[in-house]
Amino acid sequence: MLVKLLPRSAVVSAAKRDVHSGLVAANSKENSVLKLSTVEFVSKLLDRRWALRIPDAQIHQVMVCGSGRFKQQGSEVLEFRNNSGPSLGDSMAARNLGQPVFYVVRDDLLHPLVNGNKARKLDALLPLLEDSSVTDVVTCGGCQSAHAAAVAVSCAERGLKTHLLLRGEQPEILTGYTLISTLYGNINYVARSLYARRDEILSRHANMIAGSHGSVQWLSDLLEPAAFVYHVPPKQIVSQLDDSSNTMNKKVVIINEGAGDAAALLGVIRLVQYLSQDHLFGKVQGVKMIVDAGTGTTAVGLGLGALCLGLPWEVHAVMLADSVEGYRKKEQSLISGFRKMCESPEIDLRLNGAKYEVVHWVERNRPRKFGNVLKGEVEECQRIAQQTGILVDPIYTLAAWELAAQLSQEQGASAGVVALLHTGGTLGIFGLAQRYKPHFQNLKAH
């Protein structure tokens, strides 16, 4: 798979330019002080209650080998071998010299029904909802929305009711994420023509749920700096908006499609902090972190985490649902929201130095309308599963897997680590099998 890396002003590239100009040496003391103060602030930011008891994730090592067989496009068919108990730490890159390998952060194993990236986004959000005494959550997504299913399952586990607005028509047979959303939440299907005005529809539906005596807020209304940074219980803020003494009144919160809010970044930053421990990826060696991009929130969270913790990491996100302009706009919006919530001069300085760009947005080499599956991709997922025991899906994680394999080969003798964040998507395959029957009817034993 050949990909096109789009140019950006990466903080790593900026640092290299500074080295050549002699500025880093002159400012090294100031940079060290800034890095220390930023790391301390992040530690304080992450000292909160979480939905996930621990941030841990399994890490596997995948060895990439040539097969001697070639595809019709001329590229060699790669074979993979999985090591589920690799040796990690600061010297892991040196041990791999001459052998193309990449590492897989198995966030797909975090929860049996909730995608890994969704669990990370909800990691800080769910306690925020509980502390705010929220009773009902309204959100939206596509018919096979992993986000909607994740919200439904996670809220039900905590006694919160969910109301899901799904785009399109109800399938004849419920399967995949649609089935899970229906089992755990309250579903309403919205015509595609109306879904374009999703903010209006979400607001109207939330007000209907709240009734005349309840209250409705967007998630962003809860993200006051006092709750976001200093952990003042958000319910104190909510009580100012709804001072009714009736405990039966509903408090409804609207979550954006894909949970693309600043608070969703915190769980991903927590993951970066975990992975940067010395016995895992460490803080010294360069890491190229690969992730598939739907809304782009997970990628931005990874980039922000690396930047704020002063890690020599690069985040490469394969664009699947928007143009580079759209993703950069989303990146700017999330970073702006994060800065507003943090109110931290240290964070501002670091982000200004990075020119608000913390992600390498990567084009997929086989263009397609989002959600489409191309010939041979289901078979490739099958081959990877049979060789490694790791299941990827043709919409999201296959694209990230292919990029990780490519970069591991290009890395060659350079001392660096290529790591793939496996975001999940297993249940999505059931929905795809229903929608693209010919692709799955042709599966054969390999």
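Position 1 is the first residue of the sequence, and the numbers go up from there.
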Would you mind checking if [Y] and [X] are paired as a salt bridge, meaning a charged N to carboxylate O distance below 4.0 Å?
X      : Y      : value
Arg328 : Glu325 : no
Asp131 : Arg49  : yes
Lys251 : Asp136 : no

Closest contact, heavy atoms only, [X] versus [Y]:
X      : Y      : answer
Ser154 : Leu122 : OG-CD1, 3.7 Å
Ala317 : Ala299 : CB-CB, 3.6 Å
Val318 : Ala400 : CG2-CA, 4.2 Å
Val64  : Ser408 : CG2-OG, 3.6 Å
Leu52  : Arg270 : O-NH1, 3.1 Å
Tyr103 : Val101 : CE1-CG2, 4.2 Å

So, [X] and [Y]: side-chain donor and acceptor under 3.5 Å apart, yes or no?
X      : Y      : value
His205 : Glu200 : no
Gln406 : Glu402 : no
Ser220 : Asp261 : no
Glu380 : Trp401 : no
His147 : Thr139 : yes
Asn115 : Tyr177 : yes
Asn249 : His213 : no

Checking Arg81 against Glu79 for the salt bridge (Lys or Arg N to Asp or Glu O under 4.0 Å) test, could you report, in this order, the C-alpha distance in whole Å, the side-chain angles of both residues, the deciding distance, and whether it holds? CA-CA 7 Å; Arg81 298 291 180 268; Glu79 293 187 349; 3.5 Å; yes
Would you say the ring centroid of Tyr396 lies under 6.0 angstrom from that of Phe370?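 For Tyr396 and Phe370, the ring centres are under 6.0 Å apart.
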Between the side chain of [X] and the main-chain N/O of [Y], is any donor-acceptor distance below 3.5 Å?
X      : Y      : result
Ser203 : Asp199 : no
Glu331 : Val358 : yes
Thr388 : Ile390 : yes
Lys288 : Gly416 : no
Ser181 : Ala149 : yes
Arg383 : Leu78  : yes
Arg120 : Pro55  : yes
Thr178 : Cys143 : yes
Gln434 : Gly431 : no
Ser333 : Lys329 : no

Separation of [Y] [atom2] from [X] [atom1] (nearest 0.5 Å):
X      : Y      : atom1 : atom2 : result
Leu311 : Met289 : CG    : CE    : 9.5 Å
Lys437 : Leu432 : NZ    : CG    : 13.5 Å
Leu280 : Leu275 : CG    : CG    : 6.5 Å
Leu109 : Thr426 : CG    : OG1   : 8.5 Å
Arg204 : Ile209 : CZ    : CD1   : 13.0 Å
Glu172 : Thr175 : CD    : OG1   : 12.5 Å

Is the number of heavy atoms from other residues, nucleotides or ligands within 6.0 Å of OH (Tyr327) greater than 12?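 It does: Tyr327 OH has more than 12 such atoms within range.
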Tell me, yes or no, whether the heavy-atom count around Phe430 atom CZ, taken from other residues, nucleotides or ligands under 6.0 Å, exceeds 12.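 Incorrect, the count does not exceed 12.
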Can you check whether [X] reaches [Y] side chain to side chain, under 4.5 Å on heavy atoms?
X      : Y      : result
Val252 : Ser215 : no
Lys250 : Val216 : no
Asn188 : Leu166 : no
Leu160 : Thr135 : no
Leu427 : Leu113 : yes

Could you go step by step and tell me if Gln273 and Ser43 meet the side-chain contact (heavy atoms from CB on, under 4.5 Å) rule? CA-CA 9 Å; Gln273 184 188 55; Ser43 296; 3.8 Å; yes
Show, in sequence, the C-alpha distance, side-chain angles and deciding distance for Tyr189 and Tyr195, and conclude whether the ring pair (Phe, Tyr, Trp, His ring centres under 6.0 Å) test is met. CA-CA 9 Å; Tyr189 291 91; Tyr195 192 83; over 10 Å; no
Could you please spell out the steps behind the side-chain contact (heavy atoms from CB on, under 4.5 Å) verdict for Ile384 and Leu398? CA-CA 9 Å; Ile384 292 170; Leu398 176 62; 3.9 Å; yes
Starting from the C-alpha separation in whole Å, work towards a yes-or-no answer on side-chain contact (heavy atoms from CB on, under 4.5 Å) for Thr297 and Lys330. CA-CA 8 Å; Thr297 306; Lys330 180 66 174 180; 4.1 Å; yes
Taking it one step at a time, do Val137 and Lys161 satisfy side-chain contact (heavy atoms from CB on, under 4.5 Å)? CA-CA 6 Å; Val137 174; Lys161 294 182 179 179; over 6 Å; no
Fit a plane to each ring of Phe102 and Phe80, take the angle between them on a 0 to 90° scale, and name the class: parallel (under 30°), tilted (30 to 60°) or perpendicular (over 60°).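 Perpendicular, since the angle between the ring planes exceeds 60°.
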Would you call the rings of His316 and His360 parallel, tilted or perpendicular if under 30° counts as parallel and over 60° as perpendicular?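 Plane angle under 30°, so parallel.
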Name the one of Gln58, His422, His60 that satisfies side-chain hydrogen bond (donor to acceptor under 3.5 Å, both in side chains) with Arg106?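 Among Gln58, His422, His60, the one meeting side-chain hydrogen bond (donor to acceptor under 3.5 Å, both in side chains) with Arg106 is His60.
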Which of these passes side-chain contact (heavy atoms from CB on, under 4.5 Å) with His163: Leu202, Ile187, Asn186?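 Running side-chain contact (heavy atoms from CB on, under 4.5 Å) over Leu202, Ile187, Asn186 with His163 returns exactly one hit, Asn186.
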